[in-house]
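Working notes, beginning with the structure itself.
Just so it is clear, the structure is predicted and the values come from calculations on it, not from any experiment.
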Amino acid sequence: MKKTLGKITTVALAVLLFFTLPACSSKTSREEPGADTSQPAKPQAPEENNQDKEEGGDKEEILLRFSTSATGESITVQAMEVFKKEIEESTEGQIKIEIYHSSSLFAQDAEMEAVMTGNLDMATGGVSWLSAYVPELSMLSAAYIYESVEHQDAVLNGEIGKSLFGEVADTTGVLPLAAWYGGARQLSLRMASPEIHTPEDMKGVILRMPNSADWLFLGEALGASPTPMAFAEIYTSLSTGTIDAQDNPLPILESSKCYEVTKQIVLTQHVLDSVWPAINKEKWDSLGPGLQQKMMDAIKAGTDYAAEANRKSEEELLDFFKEEGIVIVEPDLDAFMAFAEDKYLNSDIAKDWDMDLYRKIKELAR
């Protein structure tokens, strides 16, 4: 009997221990700080996934079509190629750029509308295309609004430009990303003398201008007698004496062959052209801050390239024109600037200008 009771007691204790020990072990484990082993560990992905979303989510390829009316050999297209290379390398191919030059995808007058509607991702625009939507931009096409290439860069690629570009985006749905220097407009005349050094020397000079009120007034602001004329008519009109002068950047003077009927080039630098690479605002917003910064870095590479290449081209062309026997005149720029400013500020054109903005622009030249 005692042996039987002993066996029962032993079995009972064994059973009790079997059910008690796991429970004690589990309780002890849960009470250890930071050692909850009652459930499997959860994957920690939220922070990494948020960062991925910021820079394109699942890294799907983003294709941006970039259109321009500029020809394939132009510095503008070369700068676009620099931008393309930089952004594709920095994003490891996540963003890819397709460049369409020579208006092969959209005609020049249709590009901005295509970007506005989202039918095109990017295009090259400028003051002349966007001032119709943001009137204060028209000031930027006035003669001598910029006193140098460095002044233009400080304005358009600084805080003023950022504010104006934001206003363009809010109004049109197209966001300019920067301003690429496109060359300085200079005067070229069919006669070698008298040499032009001041606005007074331009009195009676018949100067061809594009057919718009703003361009014709710009001719007056240089002291000339402006006349409207199509670009295609310039060469013949210079050779026959129908006009005395025309204005364009030096590369256009060379490519149009108008230097063949030019005896004098006056380095007035009265308008500094710029090209604005722009993007559809909704497309821009969809990229997120990470990719946007990489886009801006790539655009900056294009900005630097365009400035250096255009200035080098201008220097080389001056040497070429000298070899062709053309007189190169360095005029009194201060006299031209003062004359033009007086003309503008006392005209109806300036009545629509934002004079606070005008003063801010001028202050950056000092």
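You'll find the side chain of I95 stays beyond 4.5 Å of the side chain of E61, heavy atoms only.
A salt bridge (charged side-chain N to carboxylate O under 4.0 Å, His left out) with D244 is found for one member of K203, R190, K263, R208 and no other, namely R190.
Separating the CG atom in D319 from the CD atom in E323 is a distance of 6.5 Å, to the nearest 0.5 Å. The distance from the CE atom of M355 to the NZ atom of K362 is 10.0 Å, given to the nearest 0.5 Å. In this structure, CD1 in I206 is found 11.5 Å from CG in L189, a value given to the nearest 0.5 Å. In this structure, S131 OG and D214 CG are separated by 7.5 Å, a value rounded to the nearest 0.5 Å. Atom-to-atom distance recorded for I75:CD1 and E81:CD is 14.0 Å, nearest 0.5 angstrom. Note that the CD atom of Q264 and the CE atom of M191 stand 7.0 Å from one another [nearest 0.5 Å].
In terms of heavy atoms, P176 sits closest to V168 at CD-CG1, 3.8 Å. Between L253 and T262, the shortest heavy-atom contact is CD1-OG1, 4.0 Å. Considering all non-hydrogen atoms of both residues, D273 and P249 come closest at OD2-CG, 3.4 Å. T303 and A179 make their closest contact through CG2-O, 3.8 Å (heavy atoms, listed as atom of the first residue, atom of the second, distance). When all heavy atoms are compared, the tightest approach of M112 to W129 is CG-CB, 4.1 Å. The two residues A178 and I299 make their nearest non-hydrogen contact at CB-CG2, 3.5 Å.
Here the side chain of H151 pairs a donor or acceptor atom with the backbone of I361 at under 3.5 angstrom. Within the 3.5 Å criterion, the main-chain N or O of D342 finds a donor-acceptor partner in the side chain of N346. Here the side chain of S237 pairs no donor or acceptor atom with the backbone of I234 at under 3.5 angstrom. Listed for the D332 side chain is no donor-acceptor partner under 3.5 Å among the backbone atoms of H197.
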Test side chain to side chain contact (heavy atoms under 4.5 Å, CB included) applied to V82 and D304, step by step
CA-CA 10 Å; V82 169; D304 294 342; over 6 Å; no
Take I279 and V174, measure what side chain to side chain contact (heavy atoms under 4.5 Å, CB included) needs, and give me the verdict at the end.
CA-CA 6 Å; I279 188 170; V174 176; over 6 Å; no
Side chain to side chain contact (heavy atoms under 4.5 Å, CB included), that's the test. Do Y146 and V271 meet it? Break it down for me.
CA-CA 8 Å; Y146 309 117; V271 172; over 6 Å; no
Could you walk me through whether E314 and N310 pass side-chain hydrogen bond (donor to acceptor under 3.5 Å, both in side chains), step by step?
CA-CA 6 Å; E314 289 170 332; N310 271 302; over 6 Å; no
Residues I265, I328; criterion side chain to side chain contact (heavy atoms under 4.5 Å, CB included); working and verdict:
CA-CA 5 Å; I265 294 174; I328 308 297; 3.9 Å; yes
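Taking the six-membered ring for Trp and the full ring otherwise, the centers of Y144 and Y344 sit at least 6.0 Å from each other. Y259 and F320 have their aromatic ring centers within a separation under 6.0 angstrom.
Side-chain contact, W276 with S274: a donor N or O sits under 3.5 Å from an acceptor N or O. At a cut-off of 3.5 Å, with distance as the only test, a side-chain donor of T124 or T68 sits close to an acceptor on the other residue. Residues Q152 and Y181 bring no donor and acceptor atom of their side chains to less than 3.5 Å of each other. Of the N and O atoms on the side chains of Y235 and Q246, not one donor lies less than 3.5 Å from an acceptor on the other residue. Side-chain N/O atoms of T242 and T240 include a donor and acceptor closer than 3.5 Å. Between the side chains of E111 and S67, at least one donor N or O sits under 3.5 Å from an acceptor N or O. Using modelled atom types and a 3.5 Å distance limit, the side chains of N119 and T117 yield a donor-acceptor pair.
Looking at K85 and E89, a side-chain N of the basic residue comes within less than 4.0 Å of a carboxylate O on the acidic one, giving a salt bridge. Taking 4.0 Å as the cut-off between side-chain N and carboxylate O, R311 and E150 count as a salt-bridged pair. Between E88 and K84 there is a salt bridge, since at least one side-chain N of the basic residue sits less than 4.0 Å from a carboxylate O of the acidic one. Ionic pairing of D297 and K294 is not present here: no N-O contact between side-chain nitrogen and carboxylate oxygen is shorter than 4.0 angstrom. In summary, R359 and D356 engage in a salt bridge, as defined by a charged side-chain N under 4.0 Å from a carboxylate O.
Relative orientation of the W180 and F66 rings is tilted, given thresholds of 30° and 60° on the angle between their planes.
Under the 4.5 Å side-chain contact rule for hydrophobic residues, L272 and L318 do not share a cluster.
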